[in-house]
Amino acid sequence: MAKPDPNDGRPSYLQVADLIKKAIRDGEYAPGDQLPALGALATQFDVAVGTVRSAVNLLQDNEVLVIRHGRGTFVHSDLNVDDLAVPLSHNQSGDNGEVLRLLREISDQLADIQRRLPVQ
């Protein structure tokens with residue numbers, strides 16, 4: 001699976017959201033299918049779990065994914081795959097986009113710090 005492009009001016013979570021949409025468009029995941037756990041997706045995309053969580057939350061807000069707490073993340077069963085062609089932009093992240101961006105940045109930094117801490 002592809003990884004976010006460091007030369008793309010968009011935040012990583014938007015790129016990850018688009019990569020997930022591409023995987024759905026390409027048939028890797030069909031409507032109703034369960035996605036891998038956030039940690040596994042973070043490893044696939046080589047990003048922090050917080051980045052994947054932000055991407056998944058954005059896709060849930062856009063009715064592409066459904067989060068079932070305790071069960072996992074699924075492709076929306078009523079999804080029309082043909083509607084996934086448009087890349088996500090800052091404008092689609094809502095009115096609180098800047099606040100969410102800062103929270104994601106803090107989350108990514110915290111995840112990086114946690115990875116560096118010795119295991120106890």
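Using a 4.5 Å heavy-atom cutoff, the side chains of Val64 and His76 are not in contact. Inter-residue side-chain proximity for Asp18 and Arg10 is flagged as met; some heavy-atom pair is nearer than 4.5 Å.
Listed by chain and number, the residues in a salt bridge (charged side-chain N to carboxylate O under 4.0 Å, His left out) with Asp26 are Lys22 (sequence neighbours excluded).
Considering CG of Asp108 and OG of Ser54, their distance stands at 7.0 Å, rounded to 0.5 Å. For the atom pair Ile20 CD1 and Tyr29 OH, the distance stands at 8.0 Å (nearest 0.5 Å). Rounding to the nearest 0.5 Å gives a distance of 10.5 Å between CG of Leu14 and OG1 of Thr51. The CG atom of Leu59 lies 7.0 Å from the CD1 atom of Ile24; values are rounded to the nearest 0.5 Å. Taken from OG1 in Thr43 to CG in Leu38, the straight-line distance is 11.0 Å, to the nearest 0.5 Å. For the atom pair CG of Leu41 and CD of Gln44, the computed distance is 5.5 Å after rounding to the nearest 0.5 Å.
The two residues Asp5 and Asn7 have their closest heavy-atom pair at OD1-N, 2.8 Å. The minimum heavy-atom distance between Lys3 and Leu19, with the atom names listed, is C-CD1, 3.8 Å. Across Ser107 and Gly50, no two heavy atoms sit closer than the pair OG-CA, 3.6 Å. For the pair Ala17 and Leu58, the tightest heavy-atom approach, listed with the atom from each and the gap, is CB-CD2, 4.4 Å.
At most 12 non-hydrogen atoms from other residues, nucleotides or ligands lie less than 6.0 angstrom from CD of Glu63.
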Side-chain donor-acceptor pairs under 3.5 Å in residues 65-75, sequence neighbours left out?
none

